[in-house]
Amino acid sequence: MAPITEAQVERVRALVASIPPGFVATYGDIAAAADLSSPRIVGWIMRTDSADLPWHRVLGASGRPAPHLATRQLENLRSEGVPVHDGRVALRSIRFDFGALPPPPASTTNLGE
DNA sequence: GTACTGACGAACT
DNA sequence: AAGTTCGCCAGTA
């Protein structure tokens, strides 16, 4: 099987889109939820196609976004009610739990796994 | 095919 | 606490 498939990309995009306002998720969490081999794949997907996604809700494991986007991320997050402290987000307080989400019906989402 | 890079992460110093 | 190194995987040169 190919290193990565469109299904994986769509899965990641869906996960990011499922993050509710006021919450954030890490690349590692998304990678795990999407069953990816490495969090770098998530970063690759984000930089490739994140135009219609709430990419500002995606942070690194340190609770801090990438340096070149940090300013923009923190500003957007703060607008959503996310408590930002010194360019940092309290991950352990607002980290989104994908495991708490209800599983989608496989009948209509058979991605041929 | 090898080397370098990069929206990452954990371990080590 | 902060900086460095290694592992990870896809893309590009």
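Please read these numbers as outputs of a predicted model, since none were measured by experiment.
- Regarding A:Asp49, its CG atom lies at a distance of 16 Å from the C1' atom of C:dA10, rounded to whole Å.
- Spacing between B:dA7 and C:dA2 at atom P, rounded to whole Å, works out to 22 Å.
- Contacts between residues 57-67 of chain A and DNA chain B, counted as heavy-atom distances below 4.0 Å, involve A:Gly60, A:Ala61, A:Ala66.
- For the atom pair A:Gln8 CD and A:Arg11 CZ, the distance stands at 7.5 Å (nearest 0.5 Å).
- Listed by residue number, A:His68, A:Leu69 are the residues of residues 68-84 of chain A with a heavy-atom contact under 4.0 Å to DNA chain B.
- A search for side chain to side chain contact (heavy atoms under 4.5 Å, CB included) contacts involving A:Pro20 returns A:Phe23, A:Phe96, not counting sequence neighbours.
- Looking at residues two or more places apart in sequence or on another chain, you find a side chain to side chain contact (heavy atoms under 4.5 Å, CB included) between A:Ser93 and A:Ala90.
- The CZ atom of A:Arg47 sits 8 Å away from the C1' atom of C:dA10 (whole-angstrom rounding).
- Rounded to whole Å, the distance from CG on A:Leu36 to P on B:dA7 is 18 Å.
- Note: CD1 (A:Ile45) to P (B:dA7) measures 15 Å, nearest angstrom.
- Sorted by first and then second residue, the salt bridge (charged side-chain N to carboxylate O under 4.0 Å, His left out) pairs involving residues 18-29 of chain A (not counting sequence neighbours) are A:Asp29-A:Arg95.
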Compile the donor-acceptor pairs under 3.5 Å between side chains in residues 62-69 of chain A and protein atoms, sequence neighbours left out, one pair per line.
none

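- By the 4.5 Å heavy-atom criterion applied to side chains, A:Thr48 and A:Val9 are not counted as neighbours.
- Under the rule for a side chain to side chain donor-acceptor pair (under 3.5 Å), the partners of A:Asp49 that lie at least two apart in sequence or sit in another chain are A:Arg13.
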Please list, for nucleotides 1-8 of chain C, all pairs of protein and nucleotide N/O atoms separated by less than 3.5 Å.
none

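- Checked against salt bridge (Lys or Arg N to Asp or Glu O under 4.0 Å), A:Arg88 has no partners two or more places apart in sequence or in another chain.
- Spacing between atom OH of A:Tyr27 and atom P of C:dC9 amounts to 19 Å, rounded to whole angstrom units.
- With contacts defined as side-chain heavy-atom distances shorter than 4.5 Å, the pair A:Tyr27/A:Val58 qualifies.
- Under the side chain to side chain donor-acceptor pair (under 3.5 Å) criterion, A:Glu80 pairs with A:His56, A:Arg57, sequence neighbours left out.
- Screening residues 16-26 of chain A for salt bridge (charged side-chain N to carboxylate O under 4.0 Å, His left out) gives no qualifying pairs among residues at least two apart or on separate chains.
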